Amino acid sequence: MLRIFRGLKKLRPGQKIAPISILCRGESVNREALFAYANGRFLVDEQLQFDRRFLKFNVDALCDVVAATDVEPSPIAAIEKREGGFSKALLMKKKNGKEVLAKLPLPLAGPPSLATASEVGVLEYVRKHTNIPVPRVLSWSSDRSNPVGSEYIIMEKAAGIPLFQQWGVMKEFEKLELIKNLTRLEAQLSGISFPSYGSLYLRGSARHSKHHILDESIDPSNSFCIGPSCDRSFDSNTTSNLTLPRQSFDSGPWNTISSFGTAIAKRELSRLTTGRLNRQPIFYHGTMEEQTQLLKFTTDIMQMLDLHPILRQVSQPTLWHTDLHMGNIFVAPDDPSQIVSLIDFQSISVLPLFLQAQWPIFVKPPQNYVKGLVHPKLPDDFDDLDNESKTIALQEWSQAKLAKAYEVSNYLENRLAHNAMNIPRVFRELFIRCGEISDVGVLPLRECLIEIYQNWSNLGFTRQCPFKFSAEEISLHEQQFAEYQSWHDVQTMAQECLDTDAEGWIAPQIDIMKKKRQNKELLSLYIEHMAGEKSPEEVKKMWPFLDDT
């Protein structure tokens, strides 16, 4: 196992350690509270979600590590507990006034050791080879057998303040300027073509793994390499609704799109043959024979992608921050259009650009968005709408203007990413749907493959399609897919109405009991809405947050 652990400096003789103040959202807590998850509640399966996010570690040993990160050691005076969905983040204030962040990955963060080592590699590479502002790593260990008892990264506190704290008071021209600045930073990433797909590491931390060395043109110091993917999808303990033993998959690195795509298909096949569903499927999942056949079809398609005329132009191995929400972007307090730090590079991989380039979450376009040289506008009948409809129309118009600003700025500042985002959607869908067949079954992947089959020539393929679907098969699929689509629509509707995610996460500042009441009321309304089409029992089976308490 990888082990990188820096020696600790001892405090001066006679120097005493004062009691440490521990806070969580402004309230004093004890040490045990550091181990438990406290950044929200869950509408369903709450104890399971808490258990998956519990992490015990040696607090004193962590304090020793942090105290020793400066030339002049200084004991820890206070700890402020922060955490996300996949890591504990502890803001640690030293007696000398300096603040640093300690980040400890949770058990569901991804492949052990790799997730931490790769995050360090990404932060160090971005800091040394781009102008993108990221926190500096001060100390780290990817070996949980260290004295702390957990993997960890100690890094500088991010400069600036989170964008979400400023967004509501920013003027429109400031938002547009921030979007332009963001596309300029992203352009630095799309301009770097790595030798293969996988994850980025410091060479010293990947000496026991299969890895590809970077060319001197992008790594003059020969300090980095591409190694196995640290993505959570390649760790059977963190994904899927299947019950599985921990497995070894081909996690890269991969030299071609074909080898990368084939590895995803083989990973899913391995899960299907060794696991079992934790729950009864609500919609048709397909037989093992159907699932295997579709994965074979997918592999046949993957073998053709390396020379595909469209993908060949947008498939260069690219590093990209794929989780740019307003909590991961820090801006200058006196000029919120200026980005002073990007954070949370956990599980960030090097993948084909057409899979990487995407809308940042906060500028994602509304459903009725039209790409190209089309100015967003209000509906023609806006003046005739009721107040609620006007409010919705204004919100969508505002969001469309932000999306258009990103689209135009991307075209001007980052043409590579702009082109990658405008390839036929089905190419991205192929990789996404292939990677989830062990979880949601055959229908989404089959829908994707039927679309490819029906549009084969228009999608730029020159050889014969390696599979076909009869009219009868397509007709049956359409009936089955309608059931899946209904289920999917219910999931989306419930999540949007309850302002939550697929796990039913509720922010800590929100009253969980009030939210549970809203969940029950929403379910009752939907049962009433579906009367005559589905029985209450059928609707409940589709509902994502069925609370039996």
Side-chain angles (χ1 to χ4, degrees), residues 1-9 22 31-39 48-69 76 79 81-92 100-124 135 137-155 198-211 227-239 244-249 251 344-349:
M1 178 177 288
L2 301 176
R3 179 179 178 120
I4 294 188
F5 186 73
R6 298 180 180 179
L8 305 179
K9 299 178 182 178
I22 304 177
R31 290 191 173 202
E32 292 295 319
L34 292 175
F35 310 143
Y37 180 77
N39 192 36
L48 172 64
Q49 300 296 353
F50 285 161
D51 291 344
R52 297 175 72 207
R53 291 165 174 81
F54 181 85
L55 180 69
K56 191 163 187 177
F57 56 94
N58 188 318
V59 179
D60 291 328
L62 180 64
C63 289
D64 288 343
V65 173
V66 176
T69 54
I76 304 304
I79 299 175
K81 182 185 179 185
R82 302 176 179 181
E83 53 194 337
F86 300 99
S87 292
K88 290 192 177 299
L90 308 176
L91 183 64
M92 307 185 75
V100 299
L101 191 76
K103 187 174 181 180
L104 290 73
L106 297 174
L108 46 64
S113 180
L114 295 182
T116 296
S118 179
E119 184 172 4
V120 171
V122 170
L123 286 170
E124 289 296 282
V137 175
L138 304 173
S139 180
W140 65 284
S141 172
S142 61
D143 184 349
R144 59 186 174 189
S145 67
N146 63 50
V148 177
S150 168
E151 300 175 40
Y152 63 81
I153 303 174
I154 313 300
M155 64 182 76
S199 291
L200 186 61
Y201 301 89
L202 289 164
R203 286 184 64 181
S205 68
R207 59 182 177 270
H208 300 305
S209 303
K210 178 183 175 184
H211 61 275
S229 173
C230 67
D231 192 90
R232 285 180 283 274
S233 64
F234 285 94
D235 183 4
S236 60
N237 275 22
T238 63
T239 59
L244 294 162
R246 185 175 288 278
Q247 296 170 278
S248 296
F249 305 120
S251 55
D344 196 4
F345 284 80
Q346 187 180 61
S347 298
I348 298 301
S349 299

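We count residues from 1, following the sequence as given. Fair warning: this is a prediction, and the values are worked out from it, not measured in the lab.
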**Item:** Close side-chain approach of Arg232 and Leu108, heavy atoms under 4.5 Å
**Value:** no
**Item:** ring pair (Phe, Tyr, Trp, His ring centres under 6.0 Å) against Phe35, all qualifying residues, sequence neighbours excluded
**Value:** Phe57
**Asked** side-chain hydrogen bond (donor to acceptor under 3.5 Å, both in side chains) with Ser118: which residues, sequence neighbours excluded?
**Response** none
**Message:** For Pro112 versus Asp235, what's the shortest heavy-atom pair and its separation?
**Reply:** CD-OD2, 3.9 Å
**Asked** For residues 105-117, which residue pairs qualify under salt bridge (Lys or Arg N to Asp or Glu O under 4.0 Å), counting only residues two or more places apart or in two chains?
**Response** none
**Message:** Between Ser349 and Asp231, do the side chains contain a donor N or O and an acceptor N or O under 3.5 Å apart?
**Reply:** no
**Message:** Please find the pair of heavy atoms, one from Phe249 and one from Phe234, that lie closest to each other, and give the distance.
**Reply:** CD1-O, 3.7 Å
**Message:** Can you tell me how far apart CD1 (Ile348) and CG (Leu123) are? Round to the nearest 0.5 Å.
**Reply:** 10.0 Å
**Asked** Any side-chain heavy atom of Ile79 within less than 4.5 Å of one from Cys63?
**Response** yes
**Request:** Could you tell me whether the side chain of Tyr201 reaches within less than 4.5 Å of the side chain of His211, counting heavy atoms only?
**Result:** no
**Prompt:** With a 4.5 Å heavy-atom cut-off, do Ser199 and Leu114 have their side chains touching?
**Reply:** no
**Prompt:** Would a distance-only check, ignoring hydrogens and angles, find a side-chain to backbone donor-acceptor pair under 3.5 Å from Ser205 to Leu202?
**Reply:** yes
**Request:** Check the angle between the aromatic planes of Tyr37 and Phe50 and answer parallel, tilted or perpendicular using the 30° and 60° thresholds.
**Result:** tilted
**Item:** side-chain contact (heavy atoms from CB on, under 4.5 Å) against Ala102, all qualifying residues, sequence neighbours excluded
**Value:** Leu62, Leu90, Met92, Leu104, Ile154
**Message:** Rounded to the nearest 0.5 Å, what separates atom NZ in Lys81 from atom CD1 in Ile22?
**Reply:** 10.0 Å
**Asked** Glu83 side chain to Ala38 main-chain N or O, any donor-acceptor pair under 3.5 Å?
**Response** yes
**Request:** Look at the side chain of Lys88 and the backbone N and O of Leu55, then say whether any donor-acceptor pair between them is shorter than 3.5 Å.
**Result:** no
**Item:** Least distance between heavy atoms, Pro135 atom then Met155 atom
**Value:** CB-SD, 4.0 Å
**Request:** Evaluate the side-chain proximity of Leu106 to Arg52: yes if any heavy-atom separation is below 4.5 Å, no if none is.
**Result:** no
**Fill in**
Value for OG (Ser150) from CG (Asp143), rounded to nearest 0.5 Å, stands at 10.5 Å
**Prompt:** Side chains of Thr116 and Tyr152: closer than 4.5 Å at any heavy-atom pair?
**Reply:** no
**Partner set under salt bridge (charged side-chain N to carboxylate O under 4.0 Å, His left out) for Asp51, not counting sequence neighbours** = none
**Prompt:** Atom CG in Asn146, atom CD in Glu151: separation rounded to 0.5 Å?
**Reply:** 8.5 Å
**Prompt:** Rounded to the nearest 0.5 Å, what separation is found between the OG atom of Ser142 and the CD atom of Glu119?
**Reply:** 12.0 Å
**Message:** Using the side-chain hydrogen bond (donor to acceptor under 3.5 Å, both in side chains) criterion, which residues pair with Asn58? Sequence neighbours excluded.
**Reply:** none
